[in-house]
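First the structure, in the form of structure tokens, and then the observations on it.
When reading the values below, keep in mind they use all heavy atoms of this one structure, side chains included, and skip hydrogens, waters and symmetry mates.
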Amino acid sequence: MTDQKNGSCCSTEGSCHSAATADAQGGGVTTVYKVSGMTCGHCEGAVSQEISALGGVTSVTAVAKTGEVTVTSAAPLDEEAVRAAVDEAGYELVGTA
């Protein structure tokens, strides 16, 4: 356990990572989308940046090799909003994986 005086990862109750674990188990939604046109790390970054700007998104992982973008959000996202974000980045949302 790290020292709580130094900005530790431990909660005020003294258990490490309990808040993060609770958030991860407490209703987060993970959706995998298929995106066409990504070929490199720059593509992954562009798509990730645009989707990350959507309200409620907590993490985005884009993989050009597979064309998959894994998005975790507080609640289900509107697919049209995701489509618009992907389009803004210059790619095409094919659907969910």
Evaluate the criterion side-chain contact (heavy atoms from CB on, under 4.5 Å) for residue pair Ser36 and Tyr91; output intermediate values, then yes/no.
-> CA-CA 6 Å; Ser36 68; Tyr91 305 93; over 6 Å; no
Under the side chain to side chain donor-acceptor pair (under 3.5 Å) rule, collect the residues that match up with Thr30, sequence neighbours excluded.
->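 With neighbours one apart ignored, the set is Thr72.
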For Thr39, does its backbone N or O pair with a side-chain atom of Lys65 as donor and acceptor, under 3.5 Å?
->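 Not confirmed, Lys65 side chain does not pair with Thr39 backbone.
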Partner of Val82 under side-chain contact (heavy atoms from CB on, under 4.5 Å), chosen from Thr96, Val57, Leu54 =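 Testing Val82 for a side-chain contact (heavy atoms from CB on, under 4.5 Å) against Thr96, Val57, Leu54 leaves exactly one candidate, Leu54.
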For residues [X] and [Y], determine if any side-chain heavy atom of one lies less than 4.5 Å from a side-chain heavy atom of the other.
X	Y	answer
Val86	Glu50	no
Tyr33	Leu77	yes
Leu93	Glu79	yes

Search all heavy atoms of [X] against all heavy atoms of [Y] and return the closest pair with its distance.
X	Y	result
Thr58	Ser73	OG1-N, 3.9 Å
Glu44	Ala64	OE2-N, 2.7 Å
Ala62	Ser48	CB-OG, 3.6 Å
Cys43	Gly37	SG-O, 4.3 Å

Give the intermediate values and the outcome of side-chain contact (heavy atoms from CB on, under 4.5 Å) for residues Ile51 and Val69.
-> CA-CA 9 Å; Ile51 294 175; Val69 181; 3.8 Å; yes
CE-CD distance between Met38 and Glu92, expressed to the nearest 0.5 angstrom =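 One finds 12.0 Å between CE of Met38 and CD of Glu92.
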When rounded to the nearest 0.5 angstrom, what distance separates CD in Glu88 from CD in Gln49?
->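 Rounded to the nearest 0.5 Å, the CD-CD separation comes out at 10.0 Å.
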